Every structure is written in C-alpha cells, then in structure tokens.
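The analysis underlying the following values was restricted to heavy atoms, covering all of them including side chains, and did not include hydrogens, waters or symmetry mates. For ligands, and for the atoms within them, numbers begin at 1 and follow the listed sequence. On a predicted model such as this, the values are computed, not experimentally measured, just so you know. Heads up: numbering here begins at 1 and tracks the sequence.
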Amino acid sequence: MSVIDRIDGLRKLAAADADGDASAHHAMLRELRLLQVAVETPIETTSRLNFQILQNICLRVAVEKGFLQSVVAADGKVVLASDLARRTNVDVLLISKAPSSAQKMMVHAYPLPAVRVMRVLISIGVVSEADENTYAANAVTRHQVTSGAIGALKHHFDLDMKMGGDLVAYMRRRPDDTIYQFAGEPEGCQTLFDFSHGHPTIFGLLSSDTDKGREQKQSFDDYMASKRPPASMQQWFDIYPAASRLSNAGPADSETALIVDVGGGPGQELIQLKAKCPELPGRFVLQDLPITLDRIGNLPAGIEKMPYDFFTPQPIKHARVYFMRDIMHNWSDVKCSQILGNIAAAMDKSYSTLLIDQYVLPAVGADLRAAEMDILMWLHTSGLQRTASMWEQLLSGVGLRVVKIWDGQTGMESVIEVEKL
Ligand SMILES: C[S@@+](CC[C@H](N)C(=O)[O-])C[C@H]1O[C@@H](n2cnc3c(N)ncnc32)[C@H](O)[C@@H]1O
C-alpha cells in the first residue's frame, strides 16, 4: 500500500473517530505505525528501533531528577533550563547550588544534562519547547508526573532494562542455554527474571523486604490502581453489563457475597463498581495477599478486605460473581488451573458466574499492545496472554465453560463470562 493510500485511510479513520466511532482510535494508532514504516526507508526503521531505548533513558532521568515534576509545578509558566538544573541539582560542575559567575556563563556554552535530556523529550512530545532552553508542560508531561505513570515507568524501566542488559548472557549461559517461560516448570529451571533480579518471578521481588522490593511494590500498586482511569476508558462493568445483570440477581441471603474480587490489588475495581452502581445488593469482598491489603487505607463503606491466597480453597462459597482482573496472565496453565479449580469448587452451578477481565488474543492480527503484554507477562510473571481457544481449553480442564467473551475497545482487555459445568 502506498504512503498516499495509507494517509487516505488515516483520514477516513480520523473522520470516523470524530463521529464517535469507538473502534477508530486504536485503528488509527495501528495505521499510524504502518504509515511511519511506509514513509521510512528500511534502515530508518531499524535505526529507530535501535534508538528508541534512548528515549526511555531520557524519560527515566527526567523523572528521577524531577525535571518534569518541576515543569508541571510551574503551573502554566515556562521554566528555564538553568532554573531546572538549579532546582533539581543536576550537573554540579556547571550549576552548583551557588554557581560562580564563570559557571553561569558556561551554562550557555555547554548544554546541561537537563537540556540534553529535555531535547529528546521535546522531540517525542513528552514536554513542550517554549523557547531556547525553556520548557512548558503539556498534557503528556502532566500525565507523566502522576503517581500511576511514575509507578509504571519505574516498573517497566527499572526491571526491563536490566533484563534487556542481561538477556544475551542469559541466552548464552552454559551448560543450560534454554529460554524458560514458566518458573518451576521444569523444576529448578532459571527464568530471565531470576537471572537478572534474583527471584523466579516479580512476585518474589515485590514481597521481598528490601529497598528495591519496597519501591517496586509501591510502583506496581500505583500503576495498577491507575490503569483504565474511569473517566476516559471503558471499564469492565461497562463491557459486561454489570448493572443490569446483577441488580435483580441479588444475593440468596444477606451473608452471600455479590462479588468477590480475587487478587483485587488496591481494590479500585470494587470501589468504581460501588460508586457506579450503589444500589447493587450484597457483600463486596476484596481478596488479596496480606502484603497488598496491609498497604490499603480504609475502603468505602460496603467493601470488605479479606486476606486470601488464591492457591488455597476459596473461603467464600456461592458468591454471585467471582471476578479476576489481570490475574490469569500472570501464571502458567498449571498454576491457573489451581487458581480456577479453587474458584470452581466454590461456585454454585446455577447461581455463580466467574468474570475474567483479561486480553483475548485473536488468532491473527493481534494488536501490538496485547502482543507486547504477552511478552511482558513471560518476562515478569512466567505468564502469558491467551487466545480464545487457549481460554476454552484451560477452563474446560477445571469443569468451567465460556458463556460469552464480551469484547471492549480494540486493543483492550475483554471480559470472559464463565459458568460451572
Ligand atoms: C497484576 S495484579 C492485579 C491486581 C488487580 N486485580 C488489578 O486489576 O488491579 C496481581 C495481584 O495478584 C495478587 N496476588 C499474587 N499472588 C497472589 C496469591 N497467591 N493470592 C492472592 N493474591 C495474589 C497480587 O498481590 C496483586 O495484587
């Protein structure tokens, strides 16, 4: 397809997007990527891929040193590079806390690290250039300094860059040069995560009582709580019509749970559901490991915390809904079967539903984001994203059946509705 044809296609998608077609946004992003490759020569494409790591490095420096936070804190005013360097104490050789006049003069002669880093970030749209060595916040800058986006950056950069750096040595280790996908399968195998971070999966790191473990746990929780911000993105309870499906399927008695969020993290899904549908009857139960629940403050009235390890029998029997978001992709089929088996044993055949909020990969034409998430799951958790047929096979193995896959926006997770056989 020619560049002009791709631009015409994009024009049509932009018009559909403006007309409110919810699927057009992701289609546009996909077409944009293909348009870029169509415009580039092959060497420009491979060179861009080689250089993209430098963008991540600049972003990590800018957040660690507080450059972007300072620009956002200026609250609409522009920020000079020299102010930025002084405020964030970068490049002490050129700008110390009390620079000499000679040092001040050198500011313009030699670019500061701040200037060099910001130059890259300006060119990729993370911050705006108001004038020479002068910066202004834009929407991306303001988002990047939120706790969720900083958590995401630390989660991905700090862990993945190290694994990237260790990857070749891992693949060439002797005598065993196998790339393992699943921790402990086979027993004693070493994952790349273990090779780099000293734990078979990220969960060992997140529960370790070390500075790195604590920082990563906080980053992970902030990141998870910020995914799918309610105002801008479709939520699972919009994709699956929770309000209508659950409102007149009230609990059999006051002790019965309406919904149990298994491995629910900080509880944002139950909080949002409760806020959107306060009339839904029955108990809302948030289950997770104590290490996660202990970090959470008070939950809104009507949502209870329950420490629970999902590899043990499910203590809440016959709930109307067992819900799991972003859990199954963390585990191999062997481990998922154990988790699902515990839920299946607790489900009432005619009353309970299991809802799994997770990617369902298409057999062809997978969205880039979903395909990348699959790789991320291999690296971090010894898990994977699954196709519809992989889901069906996994669930049928523990006496469950897919009733319907509720698809959301393209490139986002689906809600898999499951019943007990
Ligand atoms: C990827 S997070 C998803 C959190 C939440 N469902 C969400 O969508 O934000 C995985 C969650 O599984 C929890 N988890 C890991 N192992 C667990 C276990 N054995 N039992 C219960 N929860 C566990 C973690 O503490 C974490 O909160």
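- At a heavy-atom distance under 4.0 Å, only backbone atoms of Tyr308 (N, CA, C or O) approach ligand 1.
- Closest to atom 7 (C) of ligand 1, if we only count protein heavy atoms, is Arg325 NH1, 3.1 Å.
- Summary of contacts: the protein heavy atom closest to atom 23 (C) of ligand 1 is Phe310 CE2, 3.3 Å.
- The residue from Trp331, Phe220, Phe193 that alone fulfils the ring pair (Phe, Tyr, Trp, His ring centres under 6.0 Å) condition with Phe203 is Trp331.
- Protein heavy atom at the shortest distance from atom 5 (C) of ligand 1 is Gly263 O, 3.3 Å.
- With respect to Glu417, the salt bridge (charged side-chain N to carboxylate O under 4.0 Å, His left out) criterion is satisfied by exactly one of Arg401, Lys404, Arg245: Arg245.
- In Asp357, neither the side chain nor the backbone holds a heavy atom less than 4.0 Å from any atom of ligand 1.
- In the vicinity of Phe311, heavy-atom distances shorter than 4.0 Å reach the ligand 1 atoms 19 (N).
- With respect to the salt-bridge test (charged N to carboxylate O, under 4.0 angstrom), the residues Lys162 and Asp158 do not qualify.
- Residues satisfying the salt bridge (Lys or Arg N to Asp or Glu O under 4.0 Å) test with Glu372, not counting sequence neighbours, are none.
- Among all protein heavy atoms, the one lying closest to atom 19 (N) of ligand 1 is Asp309 OD1, 2.9 Å.
- Residue contacts with ligand 1 for Ile327 involve side-chain atoms from C-beta outward but no N, CA, C or O (heavy atoms, distance under 4.0 Å).
- Here is the list of ligand 1 atoms found below 4.0 Å of a heavy atom in Asn330: 1 (C), 10 (C).
- Interatomic distance, Thr191 OG1 to Tyr180 OH, rounded to the nearest 0.5 Å: 11.0 Å.
- Using modelled atom types, one finds a donor on one side chain and an acceptor on the other under 3.5 Å when comparing Trp236 with Glu269.
- A side chain to side chain donor-acceptor pair (under 3.5 Å) with His380 is found for exactly one of Asp160, Thr201, Asn330, namely Asp160.
- A salt bridge links Asp333 with Arg386; the closest basic N to acidic carboxylate O contact falls under 4.0 Å.
- For atom 26 (C) of ligand 1, the nearest non-hydrogen atom from the set Asp326, Asp261, Asp288 belongs to Asp288.
- Listed by atom number, the atoms of ligand 1 under 4.0 Å from Phe220 heavy atoms are 1 (C), 2 (S).
- Contacts of Gln268 with ligand 1, taken as heavy-atom pairs under 4.0 Å, involve the side chain alone.
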